[in-house]
Amino acid sequence: MLQKAENGWTGEKTTRRRRRRRWPWVLAAVLLAGAGYYHYAGSATPEAGPAFQTATVEIGDIETSVNAIAKMQPKTYVDVGTQVSGQLRTIHPDVGSVVKKGDLLAEIDPTVYQTRVAGDRASLDNLRAQLAQAQAQLTLDTLRNTRAQQLLEKQSGSKDAADAATATESISVAKIDALKAQIAQMQATLDGDLANLGYTKIYAPMDGTIVSITAREGGTLNANQSAPIVLRIADLQTMTVTAQVAEGDIPRVTVGTPASFSTLGLPDRRWRGMVRQIEPTPTIVNDVVLYNVLIDVPNEDLMLMTDMTAQVFFRLGEAKGVPLVPTPAIRSARDGTQSVRVLTPQGPQERTVKTGLSNRSQTEITEGLSPGETVITGTNAPAAARPAGGRPPMPPRLG
């Protein structure tokens, strides 16, 4: 037993000695790996990229424009109202109905106006009867006056009787004239009441579509205090687009400027027209001065509707088949000259150019560059450099 214990202790001691001998070799291997990584990290450099952002002068088409938000309304419309007061009995068309000029649209209760017309006609008949009586009386007075004058000539009658007969005839003539004037006055009253009676029926003043109805059947319309509107008729075959252009852009837009627009519902379809009018009085929205620019466009298929929103583009100029460069390549000096940096085999060179049309993305070159040349549009940021004397990241620790 003792011999066996001694042999075990001796074996454990031998194992410990072997472990002590391996540790220096493991440490040496770790140090060599760290030195190799340090050398590799210190000597390696990132691949350098191009120093400039460039673009080639190309032949193409360019268009400059001003854009604005717009609303549309029918070019021609009329608000149909009533000239007389009364209860609105009937409205014949519905919203969206197509009507022709002269079609019956609505009716107002005519009772009051029919009564007035009947009274006027009765008064007129009475005056005409009085006129007939006065004319008969005049005939009699004329005969009496003639007889009185004959008797006076034969000295068979008195002068007073002859003068009285003459006066009586003159009075009859005057009475007839007064009755004729009264008849004319009553005829005018009758004509006015007949007109008002006619106004109880409202007819379409133009061809078009009923776009709105503001009155309701059974309601009372008071034409004495206001001009009540019953409905609106519009010609939807031609629409007017009202675009609000900012004061900074309005000097570049004139009457006749071509314009195109699309709607929210049909963004891929383009309608085209020209500026018809620029209203001189602006509207101010949140301290922004906006001017109304009117454009008329045909609407045969009736796809454009009232109060639709449109994105309008006013074409200020266009050029086809001209040299173009990206707009960021253009450099402007204080004296008004313009230049670009051209990338040549000898390096970047500054060159003066003349430009034409320009928008946010492209600019036309009229002088100074040829197609195929390379211009500098910007610079690339250099790769992050390792500080001098700096240490690379250490390898992960073992254990």
Side-chain angles (χ1 to χ4, degrees), residues 78-92 99-206 215 217-231 233:
V78 60
D79 289 324
V80 181
T82 175
Q83 294 179 264
V84 295
S85 302
Q87 184 184 52
L88 184 60
R89 276 189 174 180
T90 307
I91 299 177
H92 294 285
V99 297
K100 298 292 184 180
K101 183 177 180 179
D103 288 351
L104 181 62
L105 301 178
E107 297 181 63
I108 297 173
D109 184 3
T111 304
V112 173
Y113 303 97
Q114 289 173 343
T115 302
R116 291 179 183 176
V117 168
D120 294 341
R121 285 175 172 164
S123 298
L124 191 59
D125 291 342
N126 182 36
L127 290 173
R128 287 171 177 166
Q130 293 182 38
L131 177 61
Q133 181 181 0
Q135 289 173 337
Q137 183 64 43
L138 176 60
T139 302
L140 177 60
D141 292 340
T142 301
L143 292 174
R144 289 176 177 176
N145 186 31
T146 301
R147 190 178 300 112
Q149 299 302 325
Q150 292 174 350
L151 291 175
L152 181 60
E153 290 176 358
K154 296 178 181 180
Q155 296 182 351
S156 299
S158 64
K159 180 119 175 25
D160 291 341
D163 293 340
T166 301
T168 300
E169 183 182 2
S170 298
I171 292 172
S172 295
V173 172
K175 184 179 291 185
I176 289 174
D177 292 339
L179 287 171
K180 288 181 178 179
Q182 292 179 36
I183 290 172
Q185 182 180 9
M186 183 53 63
Q187 184 64 53
T189 302
L190 175 61
D191 292 341
D193 288 337
L194 284 172
N196 288 334
L197 179 60
Y199 293 149
T200 60
K201 291 185 178 181
I202 302 173
Y203 298 92
M206 59 175 283
E217 292 183 359
T220 300
L221 305 176
N222 189 349
N224 297 322
Q225 297 180 357
S226 61
I229 303 301
V230 178
L231 50 81
I233 301 177

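Since this is a predicted model, take the numbers as computed values, not measurements.
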Problem set entry | Val84 and Val112: CA distance, side-chain angles, deciding distance, side chain to side chain contact (heavy atoms under 4.5 Å, CB included) verdict | CA-CA 11 Å; Val84 295; Val112 173; over 6 Å; no
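- Side-chain contact between Met186 and Arg128: absent, with no pair of heavy atoms (C-beta onward) separated by less than 4.5 Å.
- Of all the heavy atoms in Ala148 and Ala162, the pair that sits closest is CB-CA, 3.8 Å.
- Considering every non-hydrogen atom in both Gly81 and Ile202, the closest pair reads O-CD1, 3.9 Å.
- Judged purely by distance below 3.5 Å, without hydrogens or angles, the side chains of Glu107 and Thr90 never pair a donor atom with an acceptor atom.
- Listed here is the closest heavy atom pair of Ile91 and Leu88: CD1-CD2, 3.6 Å.
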Problem set entry | Worked verdict on Thr146 versus Glu169 for side chain to side chain donor-acceptor pair (under 3.5 Å) | CA-CA 10 Å; Thr146 301; Glu169 183 182 2; 5.8 Å; no
For this session: Evaluate the side chain to side chain contact (heavy atoms under 4.5 Å, CB included) criterion for residues Lys175 and Leu138: first the C-alpha distance (whole Å), next the side-chain angles of each, then the deciding distance (0.1 Å), finally the verdict.
Result: CA-CA 9 Å; Lys175 184 179 291 185; Leu138 176 60; over 6 Å; no
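- Residue-environment remark: CD (Gln87) exceeds the threshold of 12 foreign heavy atoms within 6.0 Å.
- No side-chain heavy atom of Gln182 sits less than 4.5 Å from a side-chain heavy atom of Ser123.
- For the pair Val117 and Leu190, the minimum side-chain heavy-atom distance is below 4.5 Å.
- Annotation: side chain of Ile233 is in contact with side chain of Leu105 (closest heavy-atom distance under 4.5 Å).
- Within a 6.0 Å sphere centred on CD of Gln114, other residues, nucleotides and ligands contribute more than 12 heavy atoms.
- Using a 4.5 Å heavy-atom cutoff, the side chains of Asn145 and Thr168 are not in contact.
- Under 3.5 Å, the side chains of Asp109 and Thr111 contain a donor-acceptor pair of N or O atoms.
- From Thr189, atom OG1 reaches atom CZ of Arg121 across 13.5 Å, with rounding to the nearest 0.5 Å.
- Although no hydrogens or angles enter the test, the distance criterion places no donor-acceptor pair under 3.5 Å between the side chain of Thr200 and the main chain of Asn196.
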